[in-house]
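All ligand and atom numbering here is 1-based and tracks the order in the structure.
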Amino acid sequence: MVLFKSFHPRVEVPEDITTWQWVFETKEFSPLYKTPREPLAGYVNAVTKERLDWAAVKTTATQLSTALVKEYGFQPGETISLFSTNTIWYPVAMWATIRAGGRVNGASPAYNVEEMTYALKIAKSRFLITLPTSLDVALAAARNVGIPRHHVFLLEGKADGCISIQDLMKRGEKYTPDPPYQIPRGKTNKDICGYLNFSSGTTGLPKAVMLSHHNIIAQCHQLRQIQAPGRYKILAVMPLFHITGLVRFCTYPIFMNGDSVMLPSFTMESMLRAICEFQIQELILVPPIIIRLVRDKIVDDFDLRHVNRWSSGSAPISPEIIALLQKKFPWTGFRQGYGATESTCCISAHPPSHYDYKYATTGGLLVANTEAKVIDLTTGKELGVGETGEILARGPQIAMGYLDNPAASAETFDKDGFFHTGDVGHFDAEGLIHIEDRIKEMIKVKGLQVPPAELEDLLLGHPEVEDCAVLGTPDEYSGERPKAYVVVKDGVQESAEVARRLLKFVKERKVRYKWIVEIEFTHQVPKSPTGKLLRRILKVKDKEGKDR
Ligand code: ATP
Ligand code: MG
């Protein structure tokens, strides 16, 4: 059996405590027991500077949890959905849910009524906490799934007929709190789901991933092992409802006794201002924001010499952008994290020894206690160094499964404990992981696999191409053939001549079955907020074009 193993020493992960007990009650881990205490560490609003230190988080979350239990009968195992942008109260609501033994679920505030209805349904939510700006969608979706109106609260602010969690905290104060939820006898924290996170919905509808208390604690221990030294301070640019936000901005900062600075609404200017005001040294970003860092003029108005590393994850980033980033900020280091919602964030990442642009196109090294296999896409045979196939990963951060979806769970999490990532890639001789594409996106030409990302990378290197997306288009003879949607650079005229040049460019560099058969010009290729190419949307468009 060809098993790739982490090079890092094993980390010990406690199995008998909840995440609440781990950060707030356990002397060994809680910042509240650290001496000297870092008095100001906590969640901070980047704009108003409002701050909740860890002691205040514990108090407010206890009050909220108590109100939910005593006045609304909230029970262990029930779900509360948070439907909000980033605020310091988001993690308070999260901790309140966890304290009571519930399941916290984050949903994108960009969802419309239909999407939110689906989200509440698959997460089986009993309560919904939102912001005044999202209240209309929240109420309509709550009605659709039978969540009573008085189970919809505001995370902050005011709106008619809706009470806020601050009101609930005041009510909770009246009671003696119950002790925090404990892992039942005979079980471990691996058996208890505390977090329901949606996958991004890149390849289909989002799935409700069940994460255990163990998953979260393990991932934080794995990340601490590869943390650069110094006081931890992070800017929460990415949304808290996504797995990265849940781990990196809501949970890990307490464990690290650091600051999590919440950016309430993202603009390049608000982000850059916060980076400077709070002297943030480490940024966890996604490719679309990194692209803007190297392109937007406004960046030049800010002095970013205190930033010492960029981190990118969630989606592939092109070598061209990495090179531009290094050129623009030569004093910085760069790392990637690779993983999925089903792996509580990272399967691999670069440790401080690898915060170097020369490793930047890889997904880093397996984090502690993690093993991986690469299997052939057609035969399932286990592959070795340098051989490309599906990446499978096993470790304490691998999720419990999908809520109420045993078929999908059995397909994705095998009986040996491996998570089938659906990603195609390989390990090199140094143990660095290289992600090449996704299985679901592979184009099959006469039974041969063509990874669209390989052709996109090639086209992006052409001087006339600004952006592009390649997908399989039906072909009578071959089954499928690659077709490219291309956005041309400013100043380039879309023309049959340009298309011919691009087709020739590919022909000269790739074997015949990978040749692109058609170029269609477009103004934009559809992408998710994290920069993932949404090929399924293009496929629909392509099909509509063909049917017309
Ligand atoms: P869905 O499973 O609902 O289709 P999704 O897989 O995009 O959506 P997430 O769990 O948010 O949802 O994303 C995980 C995926 O993101 C990985 O499987 C991988 O394809 C991609 N990814 C994450 N990190 C990286 C990275 N550093 N480089 C390339 N791709 C990455
Ligand atoms: Mg996925």
Any protein N or O within less than 3.5 Å of an N or O in ligand 1? List each pair with its distance, or say none.
{"from": "ligand 1", "atom 1": "2 (O)", "to": "K207", "atom 2": "NZ", "distance (Å)": "3.2"}
{"from": "ligand 1", "atom 1": "3 (O)", "to": "S199", "atom 2": "OG", "distance (Å)": "2.6"}
{"from": "ligand 1", "atom 1": "3 (O)", "to": "G201", "atom 2": "N", "distance (Å)": "2.7"}
{"from": "ligand 1", "atom 1": "4 (O)", "to": "T202", "atom 2": "N", "distance (Å)": "3.1"}
{"from": "ligand 1", "atom 1": "4 (O)", "to": "T203", "atom 2": "N", "distance (Å)": "2.7"}
{"from": "ligand 1", "atom 1": "4 (O)", "to": "T203", "atom 2": "OG1", "distance (Å)": "2.4"}
{"from": "ligand 1", "atom 1": "6 (O)", "to": "R438", "atom 2": "NH1", "distance (Å)": "3.2"}
{"from": "ligand 1", "atom 1": "6 (O)", "to": "R438", "atom 2": "NH2", "distance (Å)": "3.3"}
{"from": "ligand 1", "atom 1": "7 (O)", "to": "T202", "atom 2": "OG1", "distance (Å)": "2.4"}
{"from": "ligand 1", "atom 1": "7 (O)", "to": "R438", "atom 2": "NH2", "distance (Å)": "2.7"}
{"from": "ligand 1", "atom 1": "7 (O)", "to": "K532", "atom 2": "NZ", "distance (Å)": "2.9"}
{"from": "ligand 1", "atom 1": "8 (O)", "to": "S200", "atom 2": "N", "distance (Å)": "3.4"}
{"from": "ligand 1", "atom 1": "8 (O)", "to": "G201", "atom 2": "N", "distance (Å)": "3.2"}
{"from": "ligand 1", "atom 1": "8 (O)", "to": "T202", "atom 2": "N", "distance (Å)": "3.2"}
{"from": "ligand 1", "atom 1": "8 (O)", "to": "T202", "atom 2": "OG1", "distance (Å)": "3.4"}
{"from": "ligand 1", "atom 1": "10 (O)", "to": "T341", "atom 2": "N", "distance (Å)": "2.9"}
{"from": "ligand 1", "atom 1": "10 (O)", "to": "T341", "atom 2": "OG1", "distance (Å)": "2.6"}
{"from": "ligand 1", "atom 1": "11 (O)", "to": "S200", "atom 2": "OG", "distance (Å)": "2.6"}
{"from": "ligand 1", "atom 1": "11 (O)", "to": "H242", "atom 2": "NE2", "distance (Å)": "3.1"}
{"from": "ligand 1", "atom 1": "11 (O)", "to": "K532", "atom 2": "NZ", "distance (Å)": "3.3"}
{"from": "ligand 1", "atom 1": "12 (O)", "to": "S200", "atom 2": "N", "distance (Å)": "3.0"}
{"from": "ligand 1", "atom 1": "12 (O)", "to": "S200", "atom 2": "OG", "distance (Å)": "3.4"}
{"from": "ligand 1", "atom 1": "13 (O)", "to": "K532", "atom 2": "NZ", "distance (Å)": "2.8"}
{"from": "ligand 1", "atom 1": "16 (O)", "to": "S314", "atom 2": "O", "distance (Å)": "3.2"}
{"from": "ligand 1", "atom 1": "16 (O)", "to": "K532", "atom 2": "NZ", "distance (Å)": "3.4"}
{"from": "ligand 1", "atom 1": "18 (O)", "to": "D423", "atom 2": "OD1", "distance (Å)": "3.3"}
{"from": "ligand 1", "atom 1": "18 (O)", "to": "D423", "atom 2": "OD2", "distance (Å)": "2.6"}
{"from": "ligand 1", "atom 1": "20 (O)", "to": "D423", "atom 2": "OD1", "distance (Å)": "2.6"}
{"from": "ligand 1", "atom 1": "20 (O)", "to": "D423", "atom 2": "OD2", "distance (Å)": "3.4"}
{"from": "ligand 1", "atom 1": "20 (O)", "to": "R438", "atom 2": "NE", "distance (Å)": "3.4"}
{"from": "ligand 1", "atom 1": "20 (O)", "to": "R438", "atom 2": "NH2", "distance (Å)": "3.3"}
{"from": "ligand 1", "atom 1": "22 (N)", "to": "S314", "atom 2": "O", "distance (Å)": "3.3"}
{"from": "ligand 1", "atom 1": "24 (N)", "to": "S314", "atom 2": "N", "distance (Å)": "3.2"}
{"from": "ligand 1", "atom 1": "27 (N)", "to": "Q336", "atom 2": "OE1", "distance (Å)": "2.9"}
{"from": "ligand 1", "atom 1": "27 (N)", "to": "G337", "atom 2": "O", "distance (Å)": "2.9"}

Measure from NZ or CZ of K207 to the centre of the six-membered ring of F198 and say whether it is under 6.0 Å with the direction within 45° of the ring axis. no
Could I get the full list of salt bridge (charged side-chain N to carboxylate O under 4.0 Å, His left out) partners for K233, not counting sequence neighbours? none
I want to know whether Y359 and H354 have ring centres closer than 6.0 Å. yes
Can you list every ring pair (Phe, Tyr, Trp, His ring centres under 6.0 Å) pair that touches residues 374-410, not counting sequence neighbours? Y402-F413
Taking side chain to side chain donor-acceptor pair (under 3.5 Å) as the test, write out the residues that go with Y232, two or more places apart. none
Ring centroids only, cut at 6.0 angstrom: are W89 and Y43 within range, meaning strictly under it? no
